[in-house]
Visitor: 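The following block contains the structure, expressed as structure tokens.
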Amino acid sequence: MITASEIYEKLLASYGQPRWWSDNPYIVMVQSVLVQNTAWASVEKVTDAFPKPLTPEYVVSLSTEELESLIRPCGFAKAKAATIRRLTEWYGGHNYHADKVMAVDQNLLRNELLQIKGIGAETADVILVYAFHKPSFIVDAYTRRFLDRMSFGFSSDDEIRIFFESGLYTNYQLYGWYHWLILEHGISCCRKTPLCDRCIFAPICNVSKHR
Ligand code: SF4
């Protein structure tokens, strides 16, 4: 069976150096909420259109209605605005200092994030990796679908995390790039209806063999 690092090398060779999320931890936090059940293009459009720089102080100064209106194109505006508020409040507990958050133990931090209503495991791991540079592998729907089609037979996200985290160097950047490459693969090739004839994994993928 192909290993986690072999998959990475193949993805990298096929799609090139992946992009990073924003270097601004607060923008990562807000975008990680906005992107839930939404296309990435809408998220960038919405955050680019904010009338002032997207800072926690600015978000706190907005009324609930104003915040909902600004993020409406991303869908689920009420729920997402409430989550962004709770997340901002949590960040305020760390004085909006990314360095202070980075100093917290990874497991403690993950648990803190998971306590916030609206923050699930995927969003928590995105925030950990891209905003606070903690190596916590991100498992999303693209990752599950890809591994399932490749016949790995994992029965839980924890098994998937172990597969990646035990097969790679423990490095937040590597995890961040890996996540972006899987996303790229899921969007361009391993779609809902997969385009196996153009896929680099076709020779070793069971789905491709049976098409
Ligand atoms: S061969 Fe098809 S199903 Fe398998 S990983 Fe590639 S696109 Fe997905």
Visitor: Just checking, is any N or O donor in the side chain of H185 or Y15 under 3.5 Å from an acceptor N or O on the other one?
Guide: yes
Visitor: R110: what forms a salt bridge (Lys or Arg N to Asp or Glu O under 4.0 Å) with it, not counting sequence neighbours?
Guide: D125
Visitor: Side-chain donor-acceptor pair under 3.5 Å between Y26 and T88, yes or no?
Guide: yes
Visitor: Quick one: do the Q36 and T123 side chains pair a donor with an acceptor below 3.5 Å?
Guide: yes
Visitor: Report the residues that fulfil salt bridge (Lys or Arg N to Asp or Glu O under 4.0 Å) with R198, sequence neighbours left out, ordered by chain and then residue number.
Guide: none
Visitor: Given the rule in the side chain to side chain donor-acceptor pair (under 3.5 Å) test, do E159 and S155 qualify, once you have shown the distances and angles that lead to the verdict?
Guide: CA-CA 7 Å; E159 285 185 16; S155 56; 2.8 Å; yes
Visitor: What pair of heavy atoms forms the shortest contact from L67 to A81, and how long is it?
Guide: CD2-O, 3.8 Å
Visitor: Can you check whether M150 reaches N206 side chain to side chain, under 4.5 Å on heavy atoms?
Guide: no
Visitor: Considering only heavy atoms from C-beta outward, does the side chain of P194 approach that of R145 to under 4.5 Å?
Guide: no
Visitor: If the condition is side-chain hydrogen bond (donor to acceptor under 3.5 Å, both in side chains), which residues does Y91 pass it with, not counting sequence neighbours?
Guide: none
Visitor: Is it the case that one hydrophobic cluster holds both L11 and Y172, taking links as side-chain heavy atoms less than 4.5 Å apart, direct or via other members?
Guide: yes
Visitor: Nearest 0.5 Å please: distance from the OH atom of Y169 over to the CG atom of L174.
Guide: 9.5 Å
Visitor: Show the numbers, then the answer: is there a side-chain contact (heavy atoms from CB on, under 4.5 Å) between F164 and I138?
Guide: CA-CA 10 Å; F164 285 111; I138 303 156; over 6 Å; no
Visitor: Mind checking side-chain hydrogen bond (donor to acceptor under 3.5 Å, both in side chains) for E68 and listing every partner two or more places apart, or none if nothing turns up?
Guide: none
Visitor: Roughly how far, to the nearest 0.5 Å, is the CE atom of M29 from the OG atom of S22?
Guide: 10.5 Å
Visitor: Tell me the side chain to side chain donor-acceptor pair (under 3.5 Å) pairs involving residues 77-87, sequence neighbours left out?
Guide: T38-K80, T83-R86
Visitor: Using a 4.5 Å cut-off on heavy atoms from C-beta on, say whether the side chain of D23 contacts that of Y130.
Guide: no
Visitor: Could you pull out the closest heavy-atom pair between P18 and W180, with the gap in Å?
Guide: CB-CB, 3.9 Å
Visitor: If you apply the rule side-chain contact (heavy atoms from CB on, under 4.5 Å), what do you find for R19 with W177, and how did you get there?
Guide: CA-CA 7 Å; R19 60 173 285 185; W177 287 329; over 6 Å; no
Visitor: Which heavy-atom pair separates V28 from V126 by the least distance, and what is that distance?
Guide: CG1-O, 4.2 Å
Visitor: Could you list the donor-acceptor pairs under 3.5 angstrom formed between side-chain atoms of residues 53-62 and any protein atom two or more places apart in sequence or on another chain?
Guide:
residue : atom : partner : partner atom : Å
T55     : OG1  : Y58     : N            : 3.0
S61     : OG   : Y58     : O            : 2.6

Visitor: Mind checking salt bridge (Lys or Arg N to Asp or Glu O under 4.0 Å) for D157 and listing every partner two or more places apart, or none if nothing turns up?
Guide: R144
Visitor: Taking salt bridge (Lys or Arg N to Asp or Glu O under 4.0 Å) as the test, write out the residues that go with E66, two or more places apart.
Guide: none
Visitor: Could you check whether any side-chain heavy atom of C190 comes within less than 4.5 Å of a side-chain heavy atom of R149, counting everything from C-beta outward?
Guide: yes
Visitor: Is there a continuous path of hydrophobic side-chain contacts, each under 4.5 Å between heavy atoms, that joins I119 to F76?
Guide: no
Visitor: Rounded to the nearest 0.5 Å, how far apart are CH2 of W40 and CG of L34?
Guide: 9.0 Å
Visitor: Give the intermediate values and the outcome of side-chain contact (heavy atoms from CB on, under 4.5 Å) for residues V129 and K134.
Guide: CA-CA 5 Å; V129 168; K134 303 283 188 187; over 6 Å; no
Visitor: Begin with the C-alpha distance, continue with both residues' side-chain angles, and end with the deciding distance and a verdict on side-chain contact (heavy atoms from CB on, under 4.5 Å) for F132 and Q106.
Guide: CA-CA 9 Å; F132 301 119; Q106 178 173 325; over 6 Å; no
Visitor: Are any non-hydrogen side-chain atoms of F152 and I2 less than 4.5 angstrom apart?
Guide: yes
Visitor: What pairs with E89 under side chain to side chain contact (heavy atoms under 4.5 Å, CB included), at least two apart in sequence or on another chain?
Guide: none
Visitor: Would a line drawn from the ring center of F201 to the ring center of F146 be shorter than 6.0 Å?
Guide: yes
Visitor: Compare every heavy atom of F163 with every heavy atom of L147, then report the nearest pair and how far apart it is.
Guide: CD2-CE2, 4.4 Å
Visitor: Do I182 and I187 belong together in a cluster built from hydrophobic side chains that touch within less than 4.5 Å?
Guide: yes
Visitor: For the atom pair CD1 (I27) and CD (E44), what is the distance rounded to the nearest 0.5 Å?
Guide: 10.5 Å
Visitor: Applying the 4.5 Å side-chain criterion to the ILVMFWY set and letting contacts propagate, would V207 and I200 be lumped into a single cluster?
Guide: no
Visitor: Any heavy-atom pair between the side chains of L12 and Y178 that's under 4.5 Å?
Guide: no
Visitor: Please list every donor-acceptor pair under 3.5 Å in which a side-chain atom of residues 93-104 meets a protein atom from a residue at least two apart or in another chain.
Guide:
residue : atom : partner : partner atom : Å
H94     : NE2  : E112    : OE1          : 3.1
N95     : OD1  : K100    : NZ           : 2.9

Visitor: Identify the heavy atoms of C74 and V46 that sit nearest to each other, and give their distance.
Guide: SG-CG2, 3.7 Å
Visitor: Any heavy-atom pair between the side chains of F137 and L168 that's under 4.5 Å?
Guide: yes
Visitor: Quick one: side-chain hydrogen bond (donor to acceptor under 3.5 Å, both in side chains) partners of W21, sequence neighbours excluded?
Guide: Q31
Visitor: Under 4.5 Å between any side-chain heavy atoms of T143 and D140, yes or no?
Guide: yes
Visitor: In chain order, what residues pass the side chain to side chain contact (heavy atoms under 4.5 Å, CB included) check against S166, with sequence neighbours excluded?
Guide: I162
